[in-house]
Every structure is written in structure tokens, then in C-alpha cells.
Amino acid sequence: MVFKRLLGSLGVGGPTVDTVLDPGAARPGGTLSGRVRLVGGTADHDVEHVALELVARVETEHEEHGDGEGVVVFDRHVVAGAFRLAAGEETSLPFAVPLPWETPATELHGQPLGIVLGVRTELAVAGARDKGDLDPLTVAPLPAQEAVLEALGQLGFGFRSADLEYGRIGGTGQQLPFYQEVELTPPPRYAHQVNEIELTFLAVPGALEVVLEADKRGGPFADGPGGHGGHDALSRFTVPHEGPSGPQDWNTLVDGWIQELVEHRASYGSHAVYGHESGVGAAVVAGAAGIAGGMVAAEVVDEVGDFFEGDSDDGEG
């Protein structure tokens with residue numbers, strides 16, 4: 001989908017910008033490519049730069065203000081320096097920029113996971129900056145991520161939801177200011193021990209770190225009289241970037257992880273993660289609402305929160 005609007009901050013008769021991403025889903029650590037198409041306005045303009053920002057809708061937790069949503073810029077690339085754009089001139093700027101390895105997946109086998117990412121184009125002209133072009137970014141999982149998810153499905157786990165949490169997972173090498181959390185319902189063999197399993201992937205060039213958290217059910221004497229209180233258990237594991245076609249028996253490997261997590265044993269070759277660090281920083285603009293139908297709305301204005309339309313029917317899908 002292509003979103004196009006007149007650059008309002010430059011006034012009527014200003015240039016227009018239209019970013020078109022190449023077809024197909026990108027992958028974490030891979031290349032995002034496409035073209036930025038510019039059409040000059042009614043007068044010549046001196047363009048200072050053209051930049052692309054990768055943005056994500058994230059959930060935030062705050063002790064005083066409660067839960068909320070915001071928009072985070074998690075990467076930025078300048079794709080063109082200074083040049084003069086003549087009146088009415090049409091130009092196309094090709095780009096190929098790397099995606100961070102921790103970029104979250106937005107789909108699995110073409111099915112959306114509910115994660116919202118976007119590519120925002122910034123055009124700076126004569127001291128004015130306009131960020132009015134925003135395109136949805138689709139990211140497929142890495143082969144190892146896909147293998148883990150497929151193994152969990154074959155083991156009977158069900159997909160409940162996925163979101164992006166603002167904060168950091170303690171004890172990991174996390175780079176981005178947020179992490180993806182996939183919530184899974186347990187199969188019958190584990191249903192009496194855990195309410196749900198939460199899964200996070202943290203990829204680096206050489207390997208994939210898998211963080212698992214179990215929301216464990218409490219026993220009859222847990223948390224005082226009456227029981228039923230539970231607690232969380234966390235573990236992490238590291239695997240190479242091979243996919244389902246590799247020599248690894250993923251079902252056996254992942255089932256071993258789950259047993260280890262549920263039984264809360266110390267794992268061989270990995271260690272427990274002691275909680276999540278969270279909080280709201282300047283990078284998050286609180287109060288941004290959701291996106292209609294999981295898509296970025298066509299009507300885009302300068303306030304960053306307004307890049308994400310509410311769950312109404314007025315967005316373009």
C-alpha cells in the first residue's frame with residue numbers, strides 16, 4: 001500500500017513524497033528496499049535530506065498512569081543528502097537499508113500476528129521537516145524463529161496474542177527499547193501447571209536467543225489461605241540460525257525447553273532471566289491509539305501519536 005499526501009508543513013504548492021516498498025516481507029537482519037518518489041511543487045525547493053524512520057506501536061506500563069500505548073522510532077536511515085528539486089520535477093530515490101536483527105515479526109506464513117510496524121519518510125526542505133508519508137512494514141520470522149513456533153504448534157500450544165512491550169529483559173543482550181512477546185495457551189499435558197507461556201526472540205547475527213516465561217499455576221497452599229496463587233518462571237536458550245529444514249529435531253528440543261521451564265530446573269547451557277526491566281522514556285509518546293484493522297491510516301499529520309488511528313472504520317486498509 002502506498003500513502004501519499006501534500007507536504008502540509010511546506011504549504012500549498014509544496015512537493016509531494018510517496019515511498020513505495022519493494023514487494024514481499026522483509027526479515028530481521030535483512031534488507032529493506034524500495035523507492036522514495038518525489039514530485040516538485042509550484043516552485044523550486046532545496047531539499048536538505050530524505051530520511052526513513054522505522055516505527056513501532058508498543059505497549060507501556062507505568063506505576064502511576066497505568067497501561068498505555070505509544071509509538072517508538074527504533075531505527076533511522078538518511079537515504080539522500082542535499083539536492084535541488086525543481087518545480088514539477090519528478091525524481092525517484094532507490095534505497096536499501098538494513099533492518100535490526102531484533103525487528104519483530106509481523107506475520108507467520110502470511111497470517112498477521114497483530115504487530116504494527118511502519119516506515120515513515122521524512123523530507124527536510126529549507127528548515128521545515130515533514131513526516132507525512134507512512135507505510136506499513138511487513139516482517140516475516142527468521143528460519144529458526146519459524147522452526148520454534150512450528151514446533152510449539154505441533155506440541156499443542158495455541159496462539160493467544162502478540163504485542164510489543166516497552167522495556168528490557170534483564171540478563172539478555174537486548175538492543176531495541178522494546179521486545180516482542182508472543183502469548184501461547186498450553187496443551188492439556190501442561191494445562192494443570194501453567195496458565196500460559198510467553199515467548200520472546202532476541203536475534204543477533206550469529207544466533208537466536210529464545211526467552212520463555214511460564215505463568216505457573218499456584219498449588220492449594222500457594223499465597224496463603226485458599227491457595228491458587230501462581231508465579232512466573234523464566235529461562236532462555238540459544239540456537240543457531242537454521243530453520244525447519246536443518247538437522248535439528250525442533251520438536252524434541254523445544255519440548256525439552258518447556259519441561260525445563262515448567263519444572264523450573266536450571267538448564268544446561270543456559271541460565272534463568274531474572275525479570276523484565278520496564279518503564280516509559282522519552283522515546284515513547286503515550287496515548288497513541290491502535291491501528292484500524294492492523295493497518296496504518298492514510299491520513300497522517302505531524303503529531304506522532306496521530307500516525308496510529310483508532311479502532312474505527314475511518315482508516316484505509
field: Separation of Arg168 CZ from Tyr179 OH (nearest 0.5 Å)
entry: 11.5 Å
- prompt: Any side-chain donor paired with an acceptor under 3.5 Å for Thr19 and Thr121?
  reply: yes
task: Check Ile115 against Ala105 and note the closest heavy-atom contact, atom names and distance.
output: CG1-O, 3.6 Å
message: Would you say Leu142 ends up clustered with Val148 if hydrophobic residues are merged whenever their side chains have heavy atoms under 4.5 Å apart, either directly or through other cluster members?
response: no
Which side-chain N or O atoms in residues 87-101 pair as donor and acceptor under 3.5 Å with protein atoms at least two apart or in another chain?
residue, atom, partner, partner atom, Å
Glu89, OE1, Ala86, N, 2.8
Ser92, OG, Arg35, NH1, 3.3

query: Where the side chain of Glu48 meets the backbone of Asp46, is there a donor-acceptor pair that is under 3.5 Å apart?
result: no
message: For Val78 versus His49, what's the shortest heavy-atom pair and its separation?
response: CG1-CB, 4.2 Å
task: Would you sort out whether Val119 and Leu54 count as a side-chain contact (heavy atoms from CB on, under 4.5 Å), showing the intermediate values?
output: CA-CA 5 Å; Val119 179; Leu54 305 184; 3.9 Å; yes
- prompt: Which atoms form the tightest heavy-atom contact between Thr106 and Leu137, and what is the distance?
  reply: CG2-O, 3.8 Å
field: CA sep, side-chain torsions, deciding dist, call: Asn251, Val254, side-chain contact (heavy atoms from CB on, under 4.5 Å)
entry: CA-CA 5 Å; Asn251 284 18; Val254 174; over 6 Å; no
query: Is it the case that one hydrophobic cluster holds both Val39 and Val79, taking links as side-chain heavy atoms less than 4.5 Å apart, direct or via other members?
result: no
query: Any side-chain heavy atom of Leu199 sitting closer than 4.5 Å to one from Val211?
result: no
- prompt: Taking side chain as C-beta onward, heavy atoms only, is Ile197 less than 4.5 Å from Glu213?
  reply: no
statement: Sorted by chain and residue number, the side-chain hydrogen bond (donor to acceptor under 3.5 Å, both in side chains) partners of Arg76 (sequence neighbours excluded) come out as Glu53, Glu122
Residue pair Leu152, Ile258: steps toward the side-chain contact (heavy atoms from CB on, under 4.5 Å) verdict: CA-CA 9 Å; Leu152 286 165; Ile258 299 299; 4.1 Å; yes
query: Among Thr185, Val262, Leu184, which one satisfies side-chain contact (heavy atoms from CB on, under 4.5 Å) with Val194?
result: Val262
- prompt: Is the shortest heavy-atom distance from the side chain of Leu113 to the side chain of Val182 under 4.5 Å?
  reply: no
task: Quick one: closest heavy-atom pair of Pro186 and Ala191, and the distance?
output: CG-CA, 4.0 Å
- request: Hey, could you give me the CG/CZ distance between Leu202 and Arg236, rounded to the nearest 0.5 Å?
  value: 9.0 Å
query: Does the pair Tyr190 and Gln259 meet the rule for a side-chain contact (heavy atoms from CB on, under 4.5 Å), with working shown?
result: CA-CA 9 Å; Tyr190 292 119; Gln259 293 181 42; 3.1 Å; yes
- request: Output the distance between atom CZ (Phe157) and atom CG (Leu149), rounded to the nearest 0.5 Å.
  value: 12.0 Å
message: Can you tell me how far apart NE2 (His45) and CZ (Phe83) are? Round to the nearest 0.5 Å.
response: 11.5 Å
- prompt: Looking at side-chain heavy atoms only, is the closest gap between Asp75 and Leu52 below 4.5 Å?
  reply: no
message: If only side-chain N and O atoms count, and only distance matters, is there a donor-acceptor pair under 3.5 Å linking Glu183 with Ser161?
response: yes
- request: Taking the side chain as every heavy atom from C-beta outward, state whether Leu123 and Pro15 have any atom pair closer than 4.5 Å.
  value: yes
task: Would you check if the side chain of Glu69 reaches a backbone N or O of Val58 as a donor-acceptor pair within less than 3.5 Å?
output: no
Exam field: side chain Thr172 to backbone Ile169, donor-acceptor pair closer than 3.5 Å: yes
- line: Sorted by chain and number, sequence neighbours left out, ring pair (Phe, Tyr, Trp, His ring centres under 6.0 Å) with Phe178 holds for Phe74
Under 3.5 Å donor-acceptor, Glu102 side chain and Leu176 backbone: yes
query: Just wondering, do Trp257 and Leu212 contact through their side chains at under 4.5 Å, heavy atoms?
result: yes
Heavy-atom check, side chain of Asp44 versus side chain of Arg84, under 4.5 Å: yes
Euclidean distance, Arg120 CZ relative to Leu134 CG, rounded to 0.5 Å: 7.0 Å
- prompt: What pair of heavy atoms forms the shortest contact from Ala25 to Glu107, and how long is it?
  reply: CB-OE2, 3.7 Å
task: Return yes if a side-chain donor-acceptor contact under 3.5 Å exists between His241 and Gln145, otherwise no.
output: no
- prompt: So, the side chain of Gln174 versus the backbone of Gly167: is there a donor-acceptor pair under 3.5 Å, distance only?
  reply: yes
query: So do the side chains of Leu117 and Leu164 get within less than 4.5 Å of each other, counting heavy atoms only?
result: yes
- request: Heavy atoms only: give me the nearest Thr103-Pro28 pair and the separation to one decimal.
  value: O-CG, 3.3 Å
- line: Taken to the nearest 0.5 Å, the spacing of Glu196 CD from Asp215 CG works out to 5.5 Å
